[in-house]
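Residue numbers begin at 1 in each chain, while the letters A, B, ... track the order of the sequences. What you see is a predicted model, and the numbers here were worked out from it, not measured in a lab.
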2 protein chains.
Amino acid sequence: MARPQRRTVRDIRRGNRAVLLRTLYFSGPTSRNDLTARTGLSAATVSTMTADLLGENIVVEAGQVESDGGRPRVLLRVNPEYGFAVGVDVAETHVRVGLFDLEMTERAKVDYMLRPARHDPELIARHILAGVEVVLSDAGVSPEQVLGIGVGVPGIVEPGADGVIHAKTFGWDGVPLGALLRRGTSLPLFVDNGAKTMGQAELWFGSGRGASEAVIVLLGVGVGATIVADGTTFRGVSSSAGEWGHTKIVANGRPCRCGGRGCLEAYVGIEAILDRAGVTSRGDWEEDLAGVLASKSPVVEETVTYLGVGLANLVNLINPEKIVIGGWVGVQLGESLLPDIRRATAANSLAEPYAATSIVLGRLGPDAVALGAATLVLEEFLNAPQVARITAAG
Amino acid sequence: MARPQRRTVRDIRRGNRAVLLRTLYFSGPTSRNDLTARTGLSAATVSTMTADLLGENIVVEAGQVESDGGRPRVLLRVNPEYGFAVGVDVAETHVRVGLFDLEMTERAKVDYMLRPARHDPELIARHILAGVEVVLSDAGVSPEQVLGIGVGVPGIVEPGADGVIHAKTFGWDGVPLGALLRRGTSLPLFVDNGAKTMGQAELWFGSGRGASEAVIVLLGVGVGATIVADGTTFRGVSSSAGEWGHTKIVANGRPCRCGGRGCLEAYVGIEAILDRAGVTSRGDWEEDLAGVLASKSPVVEETVTYLGVGLANLVNLINPEKIVIGGWVGVQLGESLLPDIRRATAANSLAEPYAATSIVLGRLGPDAVALGAATLVLEEFLNAPQVARITAAG
DNA sequence: CATCTTAGTTCAGAGGCGAAAACAAGCACC
DNA sequence: GGTGCTTGTTTTCGCCTCTGAACTAAGATG
């Protein structure tokens, strides 16, 4: 019942161009010949289209491969310097702005510390805009070369151009961050939830690479998930899908900071773990967690069990091909306990879907949020590589 | 990261033809003029394409509409007799075979009772094949007019041509029902889980109509869900997505017939409800449930709470636009308790996604499984209306 | 240097869509 | 009844895209 969508000859070209570009991007240096095989397009089409792309400098040659007794193939690749993407991570304690080339290599970055409870939207918007200028000049990149700015933020982001955000922990209720930023830049903007941008990063460049049905869970202070269906992030009707942390695993259980009871986050969020272990934090949660893990406290096993229940619910409901456990708590737990987590998940899920799922640890560090935000720009670029970009003064 | 898919000029035609046909199907009698507006296609294209469809008898004229001062519009509609679809419901106690025209009006049906614990796959395949012959001759339809056979079965159906089924309650583990049926017919076959076909029916013709992000839950002996993302059923990597009944809502809770503990089904499945209410069934579960509901037993309220938790988890995780409660237990509960169910759901879900969701009762009765199965055929027809159908002897 | 092999380009042809002109079919009003 | 007006549908024509096949390019081999 997907909505009807007419097509015209031009869409074909656009679509095939995107197909070609994606193939080129993900298969690395490739010859035209290979491209015909991989895309199913005719050699003629590949030839004319690559000629276009070369002419636009989106694609560049990358050496040759000898063949035994014939004309050597010329390798082609996406020009990593054709454009750049800015990725921004708006977090509790800092705003980080990174500049990435098309290969998602970080070219420059800058951090702005936030004083606790100073989450004035205007201030954050100013930090972001200043950060963009800084990374551009640091890397010697002009604004015209920037394809867009991706921003990962906490909370729920309304779909729509204004990037309206609801983030309880920030005290933001209906903050139009997108609109605020647009006052200071006319570059394309992409605002999304930080857990989702992290998920996107793991999906494209981390442990989730290649999976088309996957869940990337984020365990940290908060607990969330990115659900990937058919290769794209599933957002639900109002972009809030994936609020795994507040699904209930114990009806009427422990109170959670969301106001509910029995939420998964109330068992496996860092605060909940420390609380249940009776640890009074001295400020360094990572160290505290390491202490708990080393202590062989029964809380560890319980945590694994609860996490297993939460993961099993995903296995049963979503039937993913892969579950990636990310977030610093997730990685710290997983490093020593992954087999136990798998066991706990198996114990609580149906045999068929469990057998179809592999549970792995995330591979990208805490920079994944900014990287994923930049990936939003990359995604747009690969889907609709514009010939004429709207250039704009930063 | 959706897989690349090349396109050629011919695909456009196919796609636009499908767009046109879907619009025609769902917007009822429509003029060519309206179609240009609704589809976005040019008048020229609509004209030639409808001419084709009229020529193939897929579309027929349906009267005229006067206009004030101009040429009257000729109304067009999909010819409900262009073809027929068979829908089969394979249930615990019976096999039902129905014949539907393209408007999904039931033209004939036949039931075969199953002796308890007589779920021999061969027998069931024979029933289905016999049933097809019966409904065809009852309705005076020849096999050439049948577009396909849809079958709704319990359990997990592997993706693939053989329709391999794993259904614990049937004692089926790897039964290739599709292959068995293909021995007796060469009509196109579509085998799917019965909860999913029911979901499909509610989505297309019941309370879910028009929703593009939805969940249709089935409460009966078993408990399951159909997750609809972007208008189509979400299946996960091995077609088992939607096993909501065995998600855990009470870690380490009541034992469930799946072998696990604390499953939703162990609280809101009919057997669980009766068990918790201390009712020893005399065979008529519907009556038993009515008794429990009338008794004002605290079990009723508990059940509503547990159901609310289960639904809230869907709200948080999936963020659907609509949740349809179906299945006979669901409808029986919902008729008197829907407001309470909504309240219980609200109490356990986050405010934003809850506000975006409407929770409604299913509208289709127990025949929805067979109807939904037939809808699989319809869906195929609307997506790829073949000019030359492969006709086959039944 | 003739021949073989493989890679890439060019060209003609088929099929698709849209804009606009042409045609069709009513109404209204003199 | 004729003439113009309005609206719906069809036809014509030009442009775009893809593909298959012929053709060119570039190296290996003996």
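A:Asp230 has no carboxylate O lying under 4.0 Å from a charged side-chain N of B:Arg235, or vice versa, which leaves the two without a salt bridge. Contact check on B:Arg182 versus B:Asp162 returns no salt bridge, with no Lys/Arg side-chain nitrogen under 4.0 Å from an Asp/Glu carboxylate oxygen. Salt bridge status for B:Asp11 with B:Arg17: absent, with no side-chain N to carboxylate O gap under 4.0 Å.
Between the side chains of B:Thr45 and B:Asn16, no donor N or O sits under 3.5 Å from an acceptor N or O. Donor-acceptor pairing under 3.5 Å is lacking for the side chains of A:Asp34 and A:Ser27. Between the side chains of B:Glu379 and B:Gln200, at least one donor N or O sits under 3.5 Å from an acceptor N or O. Using modelled atom types and a 3.5 Å distance limit, the side chains of A:Glu144 and A:Ser142 yield a donor-acceptor pair.
Reading DNA chain C from its 5' end, the first and the last nucleotide to sit under 4.0 Å from a heavy atom of chain B are C:dG15 to C:dC27.
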For every nucleotide of nucleotides 17-30 of chain D, 5' to 3': is a protein heavy atom under 4.0 Å from its base (B), only from its sugar-phosphate (S), or from neither (-)?
BSBB----BBBS--
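B:Leu181 places a side-chain heavy atom less than 4.5 Å from the side chain of B:Val151.
Residue contacts shown for B:Val74 are limited to sugar-phosphate atoms, with no base heavy atom under 4.0 Å away.
If you take CZ of B:Arg32 and P of D:dT11, they are 11 Å apart, rounded to a whole angstrom.
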